[in-house]
Amino acid sequence: MAEAIRETTRRFAADRIAPLAARVDAEDWFPCDLWPEMGALGLHGITVEEEFGGLGLGYLEHVVAVEEVSRASASVGLSYGAHSNLCINQIRRWGSAEQKAKYLPKLISGEHVGSLAMSEAGAGSDVVSMKLRAEAVDGGYRLNGTKFWITNAAYADTLVVYAKTGEGSRGITAFLIEKDMAGFAIGQKIDKMGMRGSPTAELVFNDCFVGEEQVMGPLNGGIGVLMSGLDYERAVLAGIQLGIMQSCLDVVIPFVRERRQFGRPIGEFQLMQAKVADMYVALNSARAYVYAVARSCDAGRTTRFDAAGAILLASENAVKVALEAIQALGGAGYTKDWPVERFLRDAKLLDIGAGTNEIRRMLIGRELIGHNPPVAQ
């Protein structure tokens, strides 16, 4: 089934997304018209059960879809991952029957855009230090504070938002927020180095009242909701980096076949062949690890350190491959006439997003020293 998803997504991405990729980046433009088209293909609900309108498939298929979308445009791939995994999959895993019935159909169809809001200006890796507070009042909660670095924020109809309802890690709760709720507004838009066209903005809550029915998961159990989703988030978003590396090879291989120096195609020089070989191995080593972790997720055997390890390897390899793609093209690679400079700017994000590589290394090292972990199957 993963290969069927790959073929369907690849054709759509080549026909509809790739022609828009340069404009998405240059204009920082979010092509929201793609969302219903992707919904019609079933891409938004890959991991959602059929009874709620999804395909009832697994994380491996989801990774493959993100990979192929990102091969055409990493910016669209990031927004797609935030929508389909961070928002839809969390509602699928933690929402009540009523919440699933209310929110999932329009999110899965692409009529609505989804988002997840965890980070704040002063709470990134240390997410427990978040300041957004939800005060209990008659019939619900009143939210005050801000969120920052939120993907899809300006276009989102439904947002999974984490707020303080108590103290410490046991005082965080997940809420389902709708864009038209009184007291909720979009703040400043963030102008990024890469992943342009995947909109990032601040959320502002000013006495925003939400009813008790908007609580998702256990009251004061939001840290469990949040942390349980991080493993799947890391596995799925690692697919973005796989797509970027494949797109680098898509550009470099034809270029070195055609570019001539000293009377020969530069691809005939051993040093250039070695460069392409290194790029290929970097992609496929990361792909093997990411796919293994996705299969473990599907089998219920995922481990936090392997989810972190997969995106760590994929993110660092993608930056290296993008740098090599620029080098392979020489002066042309340093211009905006070729997309490889965009690939580098896009690749850098996931050294930072979904948990920095420093945090991933700390997590992996701590887990390995403290346990005797199994190998991802």
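Numbering of residues begins at 1 and proceeds along the displayed sequence. All values below were derived from every heavy atom in this structure, side-chain atoms included, with hydrogens, water molecules and symmetry-related copies excluded.
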Worked check of side chain to side chain contact (heavy atoms under 4.5 Å, CB included) between M216 and I91: CA-CA 8 Å; M216 188 180 77; I91 295 174; 4.0 Å; yes
Steps toward side chain to side chain donor-acceptor pair (under 3.5 Å) verdict (Y289, D306): CA-CA 9 Å; Y289 195 6; D306 274 320; 2.6 Å; yes
Intermediate values then yes/no, side chain to side chain contact (heavy atoms under 4.5 Å, CB included), W35 and H112: CA-CA 8 Å; W35 251 233; H112 282 182; over 6 Å; no
V64 and Y291: CA distance, side-chain angles, deciding distance, side chain to side chain contact (heavy atoms under 4.5 Å, CB included) verdict: CA-CA 9 Å; V64 166; Y291 286 9; 3.9 Å; yes
Test log, rule side chain to side chain contact (heavy atoms under 4.5 Å, CB included), inputs V160 and W94: CA-CA 11 Å; V160 176; W94 289 98; over 6 Å; no
Check against side chain to side chain donor-acceptor pair (under 3.5 Å), Q90 and Y232: CA-CA 10 Å; Q90 282 293 72; Y232 304 115; over 6 Å; no
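No more than 12 heavy atoms of other residues, nucleotides or ligands sit less than 6.0 Å from atom CD of Q270. Enclosure of atom CD in Q273 by more than 12 non-hydrogen atoms of other residues, nucleotides or ligands within 6.0 angstrom is indicated. Other residues, nucleotides and ligands place no more than 12 heavy atoms under 6.0 Å from the NZ atom of K106. Dense packing is recorded around CE of M362, with more than 12 heavy atoms of other residues, nucleotides or ligands lying under 6.0 Å away. For W149, the CH2 atom sits in a loose shell: 12 or fewer heavy atoms of surrounding residues, nucleotides or ligands are nearer than 6.0 Å. By the neighbour-count criterion of 12 heavy atoms within 6.0 Å, atom CD of E213 is densely surrounded, having more than that number from other residues, nucleotides or ligands. When the shell of 6.0 Å around OH of Y334 is examined, it contains 12 or fewer heavy atoms from other residues, nucleotides or ligands.
Remark: P339 pairs with V251, R342, F343 by the side chain to side chain contact (heavy atoms under 4.5 Å, CB included) rule, at least two apart or across chains. By the salt bridge (Lys or Arg N to Asp or Glu O under 4.0 Å) test, E68 pairs with R6, R10, R71, sequence neighbours left out.
We find that R259 and E268 are not joined by a salt bridge, their nearest charged nitrogen and carboxylate oxygen being 4.0 Å or further apart. A salt bridge is absent between R360 and E316: the closest approach of a Lys/Arg side-chain nitrogen to an acidic carboxylate oxygen does not fall below 4.0 angstrom. Comment: E178 engages K102 in a salt bridge, judged by a side-chain N to carboxylate O separation of less than 4.0 angstrom. Remark: D278 does not engage K275 in a salt bridge, criterion side-chain N to carboxylate O under 4.0 Å. The residues R16 and E37 are annotated as salt-bridged, a charged nitrogen and a carboxylate oxygen being separated by less than 4.0 angstrom. D191 has a carboxylate O that lies under 4.0 Å from a charged side-chain N of R196, or vice versa, which qualifies the two as a salt bridge.
In this structure, L226 CG and L116 CG are separated by 7.0 Å, a value rounded to the nearest 0.5 Å. Between atom OG of residue S75 and atom CH2 of residue W29 there is a gap of 11.5 Å, rounded to the nearest 0.5 Å. To the nearest 0.5 Å, atom OG1 of residue T303 and atom CD of residue E367 are 8.5 Å apart. In this structure, the separation between CZ on R234 and CG on L363 is 6.0 Å, given to the nearest 0.5 Å. Put simply, CG on L41 and OG1 on T9 are 7.0 Å apart, with the number rounded to the nearest 0.5 Å. Note: N206 CG to F184 CZ = 12.5 Å, rounded to the nearest 0.5 Å.
Between K320 and L323 the shortest side-chain heavy-atom distance does not fall below 4.5 Å. In this structure, the side chains of R304 and D231 come closer than 4.5 Å at one or more pairs of heavy atoms. A heavy-atom distance below 4.5 Å is found between the side chains of H44 and Y80. With a 4.5 Å cut-off on side-chain heavy atoms, N152 and P199 count as touching. Counting only heavy atoms from C-beta outward, the side chains of V24 and P31 approach each other to under 4.5 Å. No side-chain heavy atom of M195 sits less than 4.5 Å from a side-chain heavy atom of T200.
Panel note: side chain Q241, backbone L313; no donor-acceptor pair is recorded below 3.5 Å. Side-chain atoms of K348 do not come within 3.5 Å of backbone N or O of V319 as any donor-acceptor pair. Between the side chain of E111 and the backbone N or O of P36 there is no donor-acceptor pair closer than 3.5 Å. The backbone N or O of K131 sits less than 3.5 Å from a side-chain atom of E120, completing a donor-acceptor pair. Side-chain N or O atoms of T335 include one that pairs as donor or acceptor with a backbone N or O of A332 at under 3.5 Å. A donor-acceptor distance shorter than 3.5 angstrom exists from the side chain of H83 to the backbone of G114, with no hydrogens or angles considered. Side chain of S285 to backbone of A282: a donor-acceptor contact under 3.5 angstrom is found. With hydrogens and angles ignored, the 3.5 Å screen pairs no side-chain donor or acceptor of D207 with any backbone N or O of G183. Judged purely by atom type and a 3.5 angstrom limit, E202 uses its side chain to pair as donor or acceptor with the backbone of Q188. At distances below 3.5 Å, not a single donor-acceptor pair connects side-chain atoms of N85 with backbone N or O atoms of G81.
The minimum heavy-atom distance linking L242 with L283 is given by the pair O-CD1, 3.6 Å. Nearest heavy-atom pair across L60 and D298 is N-OD2, 3.2 Å. Of all heavy-atom pairs spanning M118 and M130, the tightest one is O-CE, 4.1 Å. Annotation for A354 and I311: closest pair CB-CD1, 4.2 Å, computed over non-hydrogen atoms. Closest approach of G166 and N220 over heavy atoms only: N-OD1, 4.1 Å. Shortest non-hydrogen contact noted between A328 and I266 is O-CD1, 4.0 Å.
At a threshold of 4.5 Å between side-chain heavy atoms, the hydrophobic network of Ile, Leu, Val, Met, Phe, Trp and Tyr places V76 and M193 in two separate groups. Following chains of ILVMFWY side-chain contacts shorter than 4.5 Å, one can reach M245 starting from V276, so the two form part of one hydrophobic cluster. Under a hydrophobic-cluster definition in which Ile, Leu, Val, Met, Phe, Trp and Tyr are linked whenever side-chain heavy atoms come within less than 4.5 Å, directly or via other members, I150 and L107 are assigned to different clusters. Follow the hydrophobic side-chain contacts under 4.5 Å out from I352 and you never reach I359; the two are in separate clusters. Hydrophobic clustering (side-chain heavy atoms under 4.5 Å, transitive across Ile, Leu, Val, Met, Phe, Trp, Tyr) keeps V113 apart from L159.
For the ring pair (Phe, Tyr, Trp, His ring centres under 6.0 Å) with F175, the lone residue among Y162, F209, Y141 that qualifies is Y141. Test E50, E51, E49 against R92 for salt bridge (charged side-chain N to carboxylate O under 4.0 Å, His left out) and you get one pass: E49.
Residues W338 and F255 bring their aromatic ring centres within 6.0 Å.
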